[in-house]
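Inspection log for the structure reproduced underneath, given as structure tokens.
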Amino acid sequence: MLIAGNWKMFKGPAETLAFCREFPPPDGVDVVVCPPYASLREAMATGLTVYAQNVHWEREGAFTGEVSAEMLLELGVAGSLVGHSERRQHFGETDETAAWRAERALEAGLAVIACVGELENERERGETEAVLRRQVSPLPRHERLVVAYEPVWAIGTGKTATPAMAQEAHALIKSLLAVPVLYGGSVKPENAGELLAQPDVDGALVGGASLDVESFTAICQTAARLSRS
Ligand code: PEP
């Protein structure tokens, strides 16, 4: 079971250090935090496993604002998110560029959590399966690849997919690509148990609730308890 905290554009170096010093990663579950680039070094200094939130597909070059896999590895970062819906929505990320990022990062030696998920109107139109097929199919098969199913309508909205919806999407993704699949979208201590108990849910990508030590700890403890049972 893997629990990853996506901090988005929250927590500078000082706040990151304070969080990581206070956060006790529970035994029996793999825990990763994904701070902003500016705070990666502070998070790593505390011994936690740290992923970036994005990574470019080129080693170096004229790509202002981007960071390469080699640079992250030199810093000691273990992996990266790619294709998060906020990157798709606000920064022009596509299925193709997300796959390039994943492929190069894996090749360079990073672990990757590739995010996929349908928009609300796509679900309403019955297009969830087609969207997931389109997003998952360009991703490379790799032992360090994990997919996060994050229905976009559930991210930061307080709306959560039902455990049955999550299970159905995860089973589909796994039929396309044999990799662990995390659920993401308003995961909180109150709903983590029923989502993580689904047979094809291998962990969670947690946004808002990962910013608070108490709620992130509670989610990690739930995952550890379920892993033991
Ligand atoms: C995310 O940012 O990946 C996410 C799932 O956010 P939240 O948990 O806040 O919905």
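No hydrogens, no waters, no symmetry mates; every other heavy atom, side chains included, goes into these values. First listed ligand is number 1; within each ligand, the first listed atom is number 1. Model, not experiment: these values are computed from the prediction.
At a heavy-atom cutoff of 4.0 Å, ligand 1 is contacted by both the backbone and the side chain of Ile155.
Interface of Ala154 with ligand 1, defined as ligand atoms under 4.0 Å from a residue heavy atom, comprises 10 (O). Distances below 4.0 Å separate heavy atoms of Asn6 from the following atoms of ligand 1: 1 (C), 2 (O), 3 (O). Each of the following atoms of ligand 1 lies closer than 4.0 Å to a heavy atom of Ser186: 7 (P), 8 (O), 10 (O). Which parts of ligand 1 touch Gly185 is read off a 4.0 Å heavy-atom cut-off, strictly below it: atoms 5 (C), 10 (O). For ligand 1 and Gly208, the ligand atoms under 4.0 Å from any heavy atom of the residue are 7 (P), 8 (O), 9 (O).
Annotation: the span from Leu73 atom CG to Ser80 atom OG amounts to 10.5 Å, rounded to 0.5 Å. Here the straight-line distance linking atom OG1 of Thr46 with atom CZ of Phe19 works out to 9.5 Å at 0.5 Å rounding. Annotation: the span from Thr217 atom OG1 to Glu22 atom CD amounts to 8.0 Å, rounded to 0.5 Å. Remark: Glu127 CD to Glu122 CD distance equals 6.0 Å, nearest 0.5 Å. Between the CG atom of Leu196 and the CZ atom of Arg225 there is a distance of 9.5 Å, given to the nearest 0.5 Å.
Ranking the protein heavy atoms by distance from atom 1 (C) of ligand 1 puts His84 NE2, 3.2 Å first. Nearest non-hydrogen protein atom to atom 8 (O) of ligand 1 is Gly207 N, 2.8 Å. Scanning the protein heavy atoms around atom 3 (O) of ligand 1, the nearest turns out to be Glu150 OE2, 2.7 Å.
Proximity of a side-chain donor or acceptor of Asp200 to a complementary backbone N or O of Gln167 within less than 3.5 Å is not detected. The closest donor-acceptor contact from the side chain of Tyr51 to the backbone of Pro35 lies at 3.5 Å or more, if one exists at all. Under the 3.5 Å distance criterion, the side-chain polar atoms of Arg88 are left unmatched by any main-chain donor or acceptor of Glu93.
In the candidate list Cys34, Gly156, Ala204, Gly5, Gly156 is nearest to atom 10 (O) of ligand 1, counting heavy atoms.
For Lys188, the closest heavy-atom approach to ligand 1 does not fall below 4.0 Å.
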